[in-house]
Amino acid sequence: MPELPEVETIRRLLGPQLTGKRIAAVRFGAKRVTMHPGPAGVRRQLLGAAISKMGRRGKYLVFRLSNGRDLVLHLGMSGQVRRFGNVPMQPHEHMRLEFSDGETISFVDARRFGRVCVTDVGAVPRAIRGMARMGLEPVEKGYSAAYLGERLSGRRARVKTLLLDQRVACGVGNIYSDEALHRARIRPDRRAGSLKSPEVSRLAAALGDVLTDGIRWCGTTMRDGGYRLVDGGAGSFQDRLRVYGREGERCRRRGCKGVVRRQRLGGRSAHFCPVCQR
DNA sequence: CGCATATCCTGACTGC
DNA sequence: TGCAGTCAGGATATGC
C-alpha cells in the first residue's frame, strides 16, 4: 500500500544514491508485469542513460533521465524498490537496473499490481491514463479548503471513497484517508456533499498534516510488510496510526473513550471512531 | 457524467 | 499439521 508518504520516502532515499549514475544493464524477471513499451523497448530507452533527478507525482516514482525520458514506476499494492546487489534474480523481482559503478536497484512486486513505463520527459504515459487527470496533492501549495470543497460539493458518494480518487486527493490511499478523516473528526460514510464548510476546512488541513507526518516517520509498514525501505527496513508511522488497522482498539484521541470500528465502503475497509467522528 | 461493482494477483491469515 | 477459503487494495473497466 505505498501511498504518497511511502513513495516520497523512497524518492528521498534514492535521490542521493542514484543521481548521476549511468544505467549499464537492465534485467527482467520471468513473470509478466505491466510494462510500457514492453521489456525490449524499456531496456532500449534506459541503457546508457544517467539518472539526473529522482521525482514523484502522487504515488508515482519518476526517475528523470539524461536522455530526455522519464522512467515512471507505480508500486501498486505490494511493490518495493530494493537493493539486492549482484545476486541471482530474486522471487517477484521484475526489473533490475545495474549501474556502471556496480550499484543495482530492483523493482519487486509480489502481487504485480505495479507498473513500469518509460516516456518522454513530462509526457503522460500512455499506459497510465489516470496520471493525466491527477489533481493537486494535499501537501502542495494551492491545496485549500476551496479546492477540496469544489471537488466534494454536490457529490453523493461517501467522502472516504472520494478521497481515494487521485483527482480529489492525489497521493492518498486507504491508510491516509482513514487517518485524515479521523483527525478531521468526520465519519468516512458521510456523503461528500453534506460536509459543512468548517468540516471541509478541517479535512483539507488534516490531509496535508497526515501526509506530512507520514513522510516524517518514513511511511507505514504494516504487518504484511508490503512496504519496505530500499535496504529492507521498515517505516515507523504504523506505530502512530490512530484508526487504520485498529478495529476493536481504543480511539487514540485524547479523552475519547470510543472503540475503533471497521466498515466496508466501496470495496475498501474504512476505520473510524464512532464517538468522535461525526 | 456519477456512482457502484468487478477485476487483476498472491502472501498472510482463519477455521476446520 | 494441512488444506481450503477469505482477505487485503490501486487503478481501471464495465454496467446502470
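In what follows, chains are A, B, ... by sequence order, proteins preceding strands, each numbered from 1.
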Asker: Counting any heavy atom closer than 4.0 Å, what does Tyr244(A) reach on the DNA or RNA strands: base, sugar-phosphate only, or nothing?
Answerer: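 Contact class for Tyr244(A): sugar-phosphate only.
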Asker: Side chain of Gln166(A) only, please: which of dA11(C), dG9(C), dG10(C) is the nearest?
Answerer: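 In terms of side-chain proximity for Gln166(A), the closest of dA11(C), dG9(C), dG10(C) is dA11(C).
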Asker: How is Ser269(A) classified with respect to the nucleic acid when contacts are heavy atoms under 4.0 Å: base, sugar-phosphate, or nothing?
Answerer: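 Since only primed, P, OP1 and OP2 atoms lie under 4.0 Å of Ser269(A), the category is sugar-phosphate.
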Asker: May I have the distance from Lys160(A) (atom NZ) to dA4(B) (atom C1'), rounded to whole angstrom?
Answerer: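 Those two atoms, NZ and C1', are 16 Å apart.
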Asker: By the definition side chain to side chain contact (heavy atoms under 4.5 Å, CB included), identify the one residue from Arg11(A), Gln17(A), Arg64(A) that meets it with Met54(A).
Answerer: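 For Met54(A), the side chain to side chain contact (heavy atoms under 4.5 Å, CB included) test succeeds with only one of Arg11(A), Gln17(A), Arg64(A), which is Arg11(A).
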Asker: Taking the six-membered ring for Trp, are Tyr60(A) and His74(A) parallel (under 30°), tilted (30 to 60°) or perpendicular (over 60°)?
Answerer: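 Rings of Tyr60(A) and His74(A): perpendicular, as their planes differ by over 60°.
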Asker: Rounded off to whole Å, could you give me the CZ-to-P distance for the Arg167(A) and dC1(B) pair?
Answerer: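 Those two atoms, CZ and P, are 8 Å apart.
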Asker: For the pair made of CZ in Arg115(A) and C1' in dG10(C), what is the distance, rounded to whole Å?
Answerer: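 Whole-Å distance recorded here is 9 Å.
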Asker: Could you state whether Val42(A) and Leu73(A) fall into the same hydrophobic cluster, counting links through intermediate Ile, Leu, Val, Met, Phe, Trp or Tyr residues with side-chain heavy atoms under 4.5 angstrom apart?
Answerer: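 Yes, Val42(A) connects to Leu73(A) through the hydrophobic network.
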Asker: Here's a test for you: under side chain to side chain contact (heavy atoms under 4.5 Å, CB included), which of Glu179(A), Met77(A), Lys160(A) qualifies with Asn174(A)?
Answerer: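 Of Glu179(A), Met77(A), Lys160(A), side chain to side chain contact (heavy atoms under 4.5 Å, CB included) with Asn174(A) is met by Lys160(A) alone.
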Asker: Stepwise, does the ring pair (Phe, Tyr, Trp, His ring centres under 6.0 Å) test hold for Phe237(A) with Tyr176(A)?
Answerer: CA-CA 11 Å; Phe237(A) 197 61; Tyr176(A) 294 93; 5.7 Å; yes
Asker: Let me spell it out: for each of Asn174(A) and Gly130(A), pick the nucleotide of DNA chain C with the closest heavy atom. Which residue's pick is nearer the 5' end?
Answerer: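 Final value for this comparison: Asn174(A).
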Asker: Given atom CG of Leu164(A) and atom P of dT5(B), what is their separation to the nearest angstrom?
Answerer: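 Value for this atom pair: 15 Å.
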Asker: To the nearest Å, how far apart are Leu163(A) CG and dG9(C) C1'?
Answerer: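 Leu163(A) atom CG is separated from dG9(C) atom C1' by 16 Å.
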Asker: Atom CG of Leu265(A) to atom C1' of dC3(B): distance rounded to whole Å?
Answerer: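 Roughly 13 Å, once rounded to whole Å.
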Asker: Kindly indicate whether a cation-pi arrangement holds for Arg151(A) with Tyr147(A), taking the cut-offs as under 6.0 Å to the six-membered ring centre and within 45° of the axis.
Answerer: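 Positive - Arg151(A) is close enough to the ring of Tyr147(A) and near enough to its axis.
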Asker: Compare the minimum distances between each of dT12(C), dG2(B), dG10(C) and the side chain of Lys59(A), then state the nucleotide with the smallest one.
Answerer: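 In terms of side-chain proximity for Lys59(A), the closest of dT12(C), dG2(B), dG10(C) is dG10(C).
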Asker: Among dT12(C), dA4(B), dG10(C), which nucleotide sits nearest the side chain of Ala157(A)?
Answerer: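 The answer is dA4(B).
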Asker: Report, one pair per line, the protein and nucleotides 8-11 of chain B atoms (nitrogen or oxygen only) whose separation is under 3.5 Å.
Answerer:
unit_1: dC9(B); atom_1: O4'; unit_2: Arg111(A); atom_2: O; d: 3.4
unit_1: dC9(B); atom_1: O3'; unit_2: Arg112(A); atom_2: NH2; d: 3.0
unit_1: dT10(B); atom_1: OP1; unit_2: Lys31(A); atom_2: NZ; d: 3.2
unit_1: dT10(B); atom_1: OP1; unit_2: Arg112(A); atom_2: NH2; d: 2.3
unit_1: dG11(B); atom_1: OP1; unit_2: His92(A); atom_2: NE2; d: 2.8

Asker: Can you tell me the distance, in whole Å, between the CZ atom of Arg156(A) and the C1' atom of dC1(B)?
Answerer: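 Value for this atom pair: 15 Å.
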Asker: Does the ring center of Tyr244(A) lie less than 6.0 Å from the ring center of Phe272(A)?
Answerer: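 Ring centres of Phe272(A) and Tyr244(A) not closer than 6.0 Å.
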Asker: Students often get this wrong, so: under 4.0 angstrom with heavy atoms, is Arg32(A) touching a base, only sugar-phosphate, or nothing?
Answerer: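 Counting heavy atoms under 4.0 Å across all strands, no contact is made by Arg32(A).
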Asker: Let me know the distance between CZ of Arg223(A) and P of dT14(B), rounded to the nearest Å.
Answerer: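 Spelled out: CZ on Arg223(A) to P on dT14(B) is 7 Å.
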